[in-house]
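For reference, the structure discussed in these notes is given below.
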Amino acid sequence: MVKREIPFFSFKREYAEIQEELSEAIERVFESGRFVLGDEVASFETEFSSYVGTEYGIGVNSGSDALFLALKALGINENSEVITVSHTFVSTVDSIVRCGATPVFVDVEAGTYCIDTAKIEEKITERTKAILPVHLYGHPAHLDDVLKIATQYDLSVVEDACQAHGAEYKGRKVGSFGDVACFSFYPVKNLGAYGDGGMVTTNDRNLAERVKLLRNYGQSKKYHHDLVGINSRLDELQAAILRVKLSRLDEWNEKRRQLAGLYKELLEHTDVVLPCERAYAKHAFHLFVIRLADRDKCQRLLQKRGIQTQIHYPIPVHKQKAYAEFENAKDLAVTEVACNEILSLPLYPSLTDEEVTYIGEATKDAVS
């Protein structure tokens, strides 16, 4: 097998595909002379919330701020507990801690790596105010179970959809089920900006208005501050770029799904544990995450073949130094095993079938 160089993600390929449209969008912003909270942001908020299937979308600085502001708008504070997972990017938990609240960890399912809904109720206390499921890697959490429990215990639901643009639960886009949902437009996401960006989606007008205030210093109008807010505004340039990319999102997601299917064909008769897709789900395949006993050896061998891989995530949040006070988390066996076995293979729309075949064959060699 002739060695090739395959990056984990290629911005150059994506840019080449949409360069002309991006140039027109960027020029439009410069001609307008408006760079903060202008027509591009307003239009993108309308277009993206319509795509997700919600009444309101509020553009913010990042997915991390989307989570923080959503929780803040719900009144999460130092007297609150929020149930979530430890197998996620740290911003999920960071948003809870930034509100002064306490994260309460529930283990994940071995197949989807999403929250194990059978273990939620045992973690509920009188301080529990919300459940924060993560649609990890692009696979939806089991939302019927989450919503049923939330209704029973009068809890809010905040969807972390930062990795799940276009993913569906029972034929409906994620980000439209909870009281509020949060998206990230970090560059490598299925819908990524060329910088940071995020969005809060909701059908609750009061929550939407509260997030709008919080993202802009708590201002109801210039120099009138009704709340203690922060500066977390999606800028016009990123919104214009995201509008171009949104029109391609479904097409790009279908390419991801096709490439994921090819990976599965290549690796189905090996010792590799492949990503699953539950009957209720349409996976957005933000990441193609496999599991294998000798992950580190496989990663080294793939690197020798010129294949870049990553691990999402090698250390669970409850084991991180910054969150040491929450290290007494119990019953997270699947989480702790997964972090030692998971490996993310390259997956993006501009990847070719030939390249996926090369990666698949190299992976088979590495595990044989």
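- Here NZ of Lys221 is found 9.5 Å from CG of Asp226. Values are rounded to the nearest 0.5 Å.
- Applying the ring-ring contact (aromatic ring centres under 6.0 Å, His included) definition to pairs two or more places apart or across chains, none involves residues 210-261.
- Partners of Glu121 under the side chain to side chain donor-acceptor pair (under 3.5 Å) rule, at least two apart in sequence or in another chain, are Tyr153.
- Taking CD of Glu17 as the start and OG of Ser350 as the end, the distance is 7.5 Å to the nearest 0.5 Å.
- With sequence neighbours excluded, the residues that form a side-chain contact (heavy atoms from CB on, under 4.5 Å) with Cys298 are Leu292, Leu302, Leu343, Thr363, Ala366, Val367.
- For the residue pair Asp196/Gln238, the side-chain donor-acceptor check at 3.5 Å is not satisfied.
- Atom CG of Asn340 has more than 12 neighbouring heavy atoms from other residues, nucleotides or ligands inside a 6.0 Å radius.
- Inspection of the His87 and Thr335 side chains reveals no N or O donor paired with an N or O acceptor under 3.5 Å.
- Note on ring orientation: taking the six-membered ring where Trp is involved, the planes of Tyr313 and Phe89 are tilted (angle from 30° to 60°).
- Side chains of Ser184 and Lys189: a donor on one and an acceptor on the other come within 3.5 Å.
- Side-chain contact of Glu109 with Thr112: a donor-acceptor pair under 3.5 Å is present, judged by distance alone.
- Taking the six-membered ring for Trp and the full ring otherwise, His139 and Tyr137 have centroids separated by 6.0 Å or more.
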List the steps and the verdict of side-chain hydrogen bond (donor to acceptor under 3.5 Å, both in side chains) for Asn216 and Arg233. CA-CA 7 Å; Asn216 191 28; Arg233 302 172 300 213; 2.8 Å; yes

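- For residues 330-351, every residue pair satisfying the ring-ring contact (aromatic ring centres under 6.0 Å, His included) rule, not counting sequence neighbours, is listed here: Phe9-Tyr348.
- In plain terms, the two heavy atoms of Asp65 and Ser62 that are nearest each other are N-OG, 3.0 Å.
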Walk me through whether Arg256 and Glu251 qualify under salt bridge (charged side-chain N to carboxylate O under 4.0 Å, His left out). CA-CA 9 Å; Arg256 286 174 179 270; Glu251 173 191 342; over 6 Å; no

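- In terms of the salt bridge (charged side-chain N to carboxylate O under 4.0 Å, His left out) criterion, Glu27 has no residue partners (sequence neighbours excluded).
- Under the side-chain contact (heavy atoms from CB on, under 4.5 Å) test applied with Leu266, the options Val272, Val356, Ile359 reduce to a single match, Val356.
- For residues 171-194, the pairs satisfying ring-ring contact (aromatic ring centres under 6.0 Å, His included) are Phe44-Phe185, Phe48-Phe183, Phe48-Phe185, His165-Phe183, His165-Phe185, Tyr169-Phe177, with sequence neighbours left out.
- Here the CZ atom belonging to Arg305 is positioned 11.0 Å from the CD1 atom belonging to Ile6, to the nearest 0.5 angstrom.
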